[in-house]
Amino acid sequence: MSATTAHPPAPETAPGPPATAEGAARPRVLSGIQPTSDSYHLGNYLGAVRNWQILQADYQPFFFIADQHAITVDWDPKLLRERTLRSVAQLLAAGVDPEKSAIFVQSHVPAHAQLAWVLNGITGFGEARRMTQFKDKSAKEGEGAASVGLFTYPVLMAADILLYRPHYVPVGEDQRQHLELTRDLAQRFNHRFKKTFRVPEPYILRATSKIYDLQEPTRKMSKSSSSPSGIIEMLDDPKVTAKKIRSAVTDSDGEIRYDPDEKPGVSNLLSLLSALGGESIADLEEQYAGKGYGQLKGDLAEVVTNYVTPYRDRTLELLDDQTYLLQVMAEGAGQAGPIAEATLRDVYQRIGFVAPGTPAR
Ligand code: TYM
């Protein structure tokens, strides 16, 4: 079985056709990813990055590395620098194209932090406290040990999004609650001041919105909580990845059938094979009727290897050319910056900040 480029399954909420009329602006998409590990994992890739690559053809795309979000938990400056470069290299290796997409680093566009401060002023403490990601992350070490940055993280995320007035935000399921907060804040601001922000729609593809851990298939694959054997790192040696797939947790009934409640491990393997190989789950169930888990795992390992090998090679090649990576980031910030600044100017004016050097209105 060889890897083919899968067509994206229908999104849960169809975004509708892009405005393709001659001369009409294409709808905007925007998304971000944190540079908090040496490699993206297969969940990041299937839940987000692959969709970015697909969407850039028909939309006006903005994709960024969320380095400011990465300092809301403990971090090492040297690693953060390296991982930011690795993140850009991986986006490029995944086919996100700087000719089509603005690819930039969050801290290169100061308007993100500036708008976040304004939004902090219209976000309720209780509303921020309800964010489950904060609850989960802070529960690990106790709320007292969590940073204020972690608490206000979703507000910065709302600022990231609202600055660009995007139509859609392609993310995985774990970001849905943050998008709901973003929509609430946009509506609140528009209502209280003047219509300033577009209320963005999440773009979450059901089939790949939550990829599960190979060892604990009821939990999402996660860079912060998966064990090394539960996570498929895109830049791992493909032999290591194949071994992890062969050791994935399944069940003892031996039947290859998609049933996430009763058979989470096998269902996750089927989802991955379908997402990467392009065949529907129903077709796979038919093909694998009467076959064993070993066969399914072997085939998946092969498909994943075919997928990650060129990705890995290209990333390593790009990492040797830091000048190019820095140039991509600078060009991306050059495209994103003026758009973000224009929105911020509108916001400042509407909330009553006096513009420097001009009479107050
Ligand atoms: P981050 O860096 O944790 O993850 C990047 C993207 O990967 C998706 N993802 C998954 N999708 C499917 N299955 C999984 N197991 C899985 N794990 C992660 C995430 O949903 C995400 O889309 N807060 C964001 C970064 C961010 C952002 C933004 C995103 C900052 N500002 C503005 C969109 C818009 C985050 O931490 O993603």
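Order of listing sets the numbers, starting from 1, for every ligand and every atom in it. Along the sequence shown, residues carry numbers from 1. Keep in mind that this is a model prediction, so the values were computed, not measured.
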Exercise. For K243, look at atom NZ and say whether over 12 heavy atoms of other residues, nucleotides or ligands are found less than 6.0 Å away.
Key: no
Self-check item: Partners passing salt bridge (Lys or Arg N to Asp or Glu O under 4.0 Å) against E127 (at least two apart in sequence or in another chain)
Solution: R188
Quiz prompt | salt bridge (Lys or Arg N to Asp or Glu O under 4.0 Å) partners for D136, two or more places apart | solution = none
Exercise. Please confirm whether F125 and F151 have ring centers closer than 6.0 angstrom.
Key: yes
Nitrogen or oxygen contacts under 3.5 Å, ligand 1 side and protein side:
residue, atom, partner, partner atom, Å
ligand 1, 2 (O), Q34, N, 2.9
ligand 1, 2 (O), K223, NZ, 3.2
ligand 1, 4 (O), N44, ND2, 3.4
ligand 1, 7 (O), N44, ND2, 3.2
ligand 1, 11 (N), G43, O, 3.1
ligand 1, 13 (N), I211, N, 2.8
ligand 1, 15 (N), I211, O, 2.9
ligand 1, 15 (N), M221, O, 2.9
ligand 1, 20 (O), G172, N, 2.9
ligand 1, 20 (O), D174, OD1, 2.4
ligand 1, 22 (O), G172, N, 3.2
ligand 1, 23 (N), Y153, OH, 2.6
ligand 1, 23 (N), Q175, OE1, 3.1
ligand 1, 31 (N), D160, OD2, 2.6
ligand 1, 36 (O), Q34, NE2, 2.7
ligand 1, 36 (O), Y153, OH, 2.6

Quiz item: Is N190 reaching over with its side chain to a backbone N or O of F197, donor-acceptor style, under 3.5 angstrom?
Solution: yes
Quiz item: I71: which other cluster members, linking ILVMFWY side chains closer than 4.5 Å, directly or transitively?
Solution: W75, L80
